[in-house]
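Numbers here simply count residues along the sequence, with the first being 1. This is a predicted model, so every value here is computed, not measured.
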Amino acid sequence: MILESVFNKHKDISNRTLTLDSPDGWNTGQTLFGGAELQAMKLPAVNACIEIIADSIAKMPIYLMNSKTRERVTDNPVLELLTSRPNEIMTAFDYFKLMESRRIAYGNAYAIIIRDKFGIPCELLPVEAGYMTPFFDDKGKLWYVGTNPKTGEYRKFWDCDIIHYKAFSVDGIEGVSYLKRGAMVIEAALQSQKYEKNFYANGARLTGVLTTETDLTNKPEIVMEDGSKISIKDAIRASWDKIYSGADNAYRTAVLDFGMKYTPISASNKDAQFIESKAASIEDIGRLFNIPLYKLGVGKQTYASNVQASIEYMQRTLSPIVTPIEQEDTYKLLTIDQRTKLNLQIRRNMMGELRGDWASRADWFKAMSETGVYSVNDIRQLEDMPNVEGGDSRKASLNYVPLHLWEDLSVKRNEGGENK
């Protein structure tokens with residue numbers, strides 16, 4: 001039943017009529033919830049979260065690995081495509097940052113795989129949000145329908161020719177935008193930002209009440225310069241706002257006549273607790289994106305806690321993003337023989353995220369070297385440094401021996417002590 005509902009949801013898109021009278025089938029790039037994605041990015045915290053994650057993914061070194069021997073393969077055209085220029089106008093960094101930004105903001109990021117006559121990928125074309133849609137045909141076959149950004153052709157694509165990175169999904173087919181899932185939190189933050197903007201636009205003076213002992217209810221209307229008529233109350237309000245509102249008019253001395261008095265009725269900026277409310281909004285937004293708060297400039301700023309938060313950022317935030325990207329790239333960009341016979345996988349090196357933490361990296365490399373896991377050249381490779389002569393040898397402490405040899409070596413060591 002669940003699969004049937006998923007099939008029905010994404011079925012028969014290609015049969016929709018594409019006319020001006022019946023535009024149901026048009027994919028015109030409409031966003032998920034009324035264009036609020038770009039509106040939400042006007043919030044510094046939201047923009048920072050998207051930038052942080054997208055930059056982290058885009059800068060990760062990509063390599064091709066034999067999953068059985070764990071040896072790296074360097075002479076594959078797909079590797080060149082992913083590490084140099086996925087298309088003629090984008091660097092690899094630009095391409096992956098764009099794809100990750102769209103995955104976060106819109107829930108889905110699509111790219112068309114252009115292949116040469118041998119079926120080898122030679123170009124990756126990102127598709128703008130709203131111009132590509134997955135659907136199932138009557139036989140339950142997954143297809144994609146959308147527009148080629150290079151030719152403008154609207155057509156149906158094999159699923160193997162579309163790279164599809166998705167965010168959290170409730171059906172396994174399409175992802176749900178981070179911003180849509182956090183719409184209430186983001187909307188509250190936007191309203192707070194709008195309120196603060198209006199607060200300062202009004203000269204940081206909060207609203208109040210103008211009072212007078214004169215009865216203004218039955219006074220005749222006032223004719224304005226444009227010929228319109230307004231009540232005397234509206235005229236007084238407009239005159240007050242014109243003279244005393246706005247940042248340029250802040251702290252001007254008010255002159256009141258006709259026995260008028262001004263009484264402020266709103267709370268002060270301090271009482272409104274702008275700082276506290278903004279910090280709370282940033283914390284909620286950080287939780288939405290799984291971003292450590294110190295990266296957003298809030299929370300504890302101690303070195304030890306930030307180092308631990310960086311490790312947690314890699315484990316909780318980046319790793320769940322990188323894994324499906326690696327799987328999608330491996331399945332769509334490599335041939336069946338490359339995957340099954342040569343055991344190739346497209347991988348990303350997440351260690352680059354810790355390059356700024358030299359102490360932690362040094363301790364890690366030291367531990368891996370002393371236990372024989374890494375050689376000197378293995379470490380230099382992770383640091384993008386050339387190999388050195390003799391660097392392929394691994395070392396281990398002589399103080400540790402296999403358990404089945406421990407008794408004999410212990411006896412020999414004691415015998416040697418007695419001879420001395």
Side-chain angles (χ1 to χ4, degrees), residues 54 56-88 90-100 103 108-127 134 141-142 144 157-166 172 175 314-315 318-355 368 373-375 377-387 391-392 394:
S56 295
I57 298 298
K59 72 183 181 183
M60 285 184 186
I62 300 175
Y63 61 95
L64 201 58
M65 184 187 74
N66 184 315
S67 59
K68 285 192 173 181
T69 63
R70 293 186 294 279
E71 294 180 351
R72 298 193 178 191
V73 178
T74 59
D75 58 349
N76 191 290
V78 171
L79 184 62
E80 174 69 17
L81 181 68
L82 293 176
T83 57
S84 179
R85 297 191 81 84
N87 54 68
E88 61 183 354
M90 286 183 177
T91 65
F93 182 91
D94 294 334
Y95 168 79
F96 285 111
K97 181 170 183 177
L98 175 64
M99 292 290 284
E100 181 58 21
R103 187 194 72 87
N108 301 275
Y110 301 99
I112 300 174
I113 305 172
I114 306 298
R115 303 181 187 273
D116 61 19
K117 62 182 180 179
F118 302 106
I120 303 301
C122 59
E123 194 171 16
L124 301 175
L125 300 178
V127 180
K141 168 67 177 175
L142 177 63
Y144 287 86
F157 296 88
W158 294 93
D159 66 315
C160 60
D161 287 333
I162 300 295
I163 293 289
H164 183 188
Y165 302 149
K166 62 178 72 71
M314 291 180 61
Q315 295 175 340
L318 296 183
S319 183
I321 296 173
V322 168
T323 299
I325 289 178
E326 291 177 339
Q327 294 172 350
E328 179 77 355
D329 287 346
T330 297
Y331 184 76
K332 299 286 181 69
L333 298 177
L334 299 180
T335 65
I336 296 178
D337 287 345
Q338 288 174 333
R339 298 195 310 267
T340 58
K341 295 182 180 180
L342 300 180
N343 304 302
L344 297 184
Q345 292 181 353
I346 298 174
R347 303 294 296 271
R348 281 167 170 74
N349 182 11
M350 296 180 60
M351 288 297 294
E353 191 63 28
L354 291 179
R355 282 188 173 178
M368 299 300 282
V373 178
Y374 284 174
S375 67
N377 282 343
D378 290 335
I379 296 174
R380 293 179 66 86
Q381 186 178 36
L382 293 173
E383 293 295 317
D384 294 329
M385 300 172 68
N387 292 342
D392 291 327
R394 286 177 169 78

- Item | Glu328: salt bridge (charged side-chain N to carboxylate O under 4.0 Å, His left out) partners, not counting sequence neighbours | Lys332

- Task: Show the numbers, then the answer: is there a side-chain contact (heavy atoms from CB on, under 4.5 Å) between Leu342 and Asp337?
- Result: CA-CA 7 Å; Leu342 300 180; Asp337 287 345; 5.9 Å; no

- Message: If you apply the rule side-chain contact (heavy atoms from CB on, under 4.5 Å), what do you find for Asn349 with Met60, and how did you get there?
- Response: CA-CA 6 Å; Asn349 182 11; Met60 285 184 186; over 6 Å; no

- May I ask you to decide if Thr335's main-chain N or O and Gln338's side chain share a donor-acceptor pair within less than 3.5 Å? yes

- Query: How many angstroms lie between CG in Leu124 and CZ in Phe96, if you round to the nearest 0.5 Å?
  - Reply: 7.5 Å

- Task: May I ask you to test the Tyr331-Cys160 pair for a side-chain heavy-atom distance under 4.5 Å?
- Result: no

- Query: Which atom names give the shortest non-hydrogen contact between Ile346 and Glu326, and what distance separates them?
  - Reply: O-CB, 3.5 Å

- Identify the heavy atoms of Asp392 and Asn377 that sit nearest to each other, and give their distance. OD1-ND2, 2.9 Å

- Message: With rounding to the nearest 0.5 angstrom, report the CG to CD distance, Leu98 to Glu100.
- Response: 10.5 Å

- Give a yes or no on whether the backbone of Ile120 and the side-chain of Asp116 come within a donor-acceptor separation of less than 3.5 Å. yes

- Pairwise distance CZ(Phe93) to CD1(Ile57) - rounded to 0.5 angstrom: 11.0 Å

- Message: Whether the side chain of Thr330 engages the backbone of Gln345 through a donor-acceptor N/O pair (distance < 3.5 Å, no angle test) should be reported.
- Response: no

- Message: I need the Arg394 CZ to Met368 CE distance, nearest 0.5 Å.
- Response: 9.5 Å

- Task: Using the ring of Tyr165 (Phe, Tyr or Trp, six-membered ring only), decide whether Arg103 places NZ or CZ under 6.0 Å from its centre and within 45 degrees of its axis.
- Result: no

- Item | Leu344 to Asn76 - nearest heavy-atom pair and separation | CD1-ND2, 4.1 Å

- Would you please test Tyr110 and Ile163 for side-chain contact (heavy atoms from CB on, under 4.5 Å) and show each step? CA-CA 5 Å; Tyr110 301 99; Ile163 293 289; over 6 Å; no

- Shortest non-hydrogen contact between Gly175 and Asn108, atoms and distance: N-OD1, 2.8 Å

- Message: Is there a side-chain contact between Asp161 and Ile112 in this structure, where contact means two heavy atoms from C-beta onward sitting under 4.5 Å apart?
- Response: no

- Could you give the distance from CG (Leu82) to CG (Leu64), rounded to the nearest 0.5 Å? 9.0 Å

- Item | Minimum heavy-atom distance Thr340-Ile336, with the two atoms named | OG1-O, 2.7 Å

- Item | Within-4.5 Å side-chain heavy-atom neighbours: Pro126 and Met90 | yes

- Message: Holding to salt bridge (charged side-chain N to carboxylate O under 4.0 Å, His left out), I want the full list of residues that pass it with Lys166, two or more places apart in sequence or in another chain.
- Response: none

- Query: Are Asp94 and Arg85 within salt-bridge range, i.e. N to O under 4.0 Å?
  - Reply: no

- Query: Can you list the steps and then say if Asn343 with Met65 is a side-chain contact (heavy atoms from CB on, under 4.5 Å)?
  - Reply: CA-CA 8 Å; Asn343 304 302; Met65 184 187 74; over 6 Å; no

- Show the numbers, then the answer: is there a salt bridge (charged side-chain N to carboxylate O under 4.0 Å, His left out) between Asp329 and Arg348? CA-CA 11 Å; Asp329 287 346; Arg348 281 167 170 74; 3.4 Å; yes

- Note on the structure: Between Arg115 and Pro121 the two heavy atoms that sit nearest each other are NH1-CG, 3.5 Å

- Roughly how far, to the nearest 0.5 Å, is the OG atom of Ser56 from the CG atom of Leu318? 5.0 Å

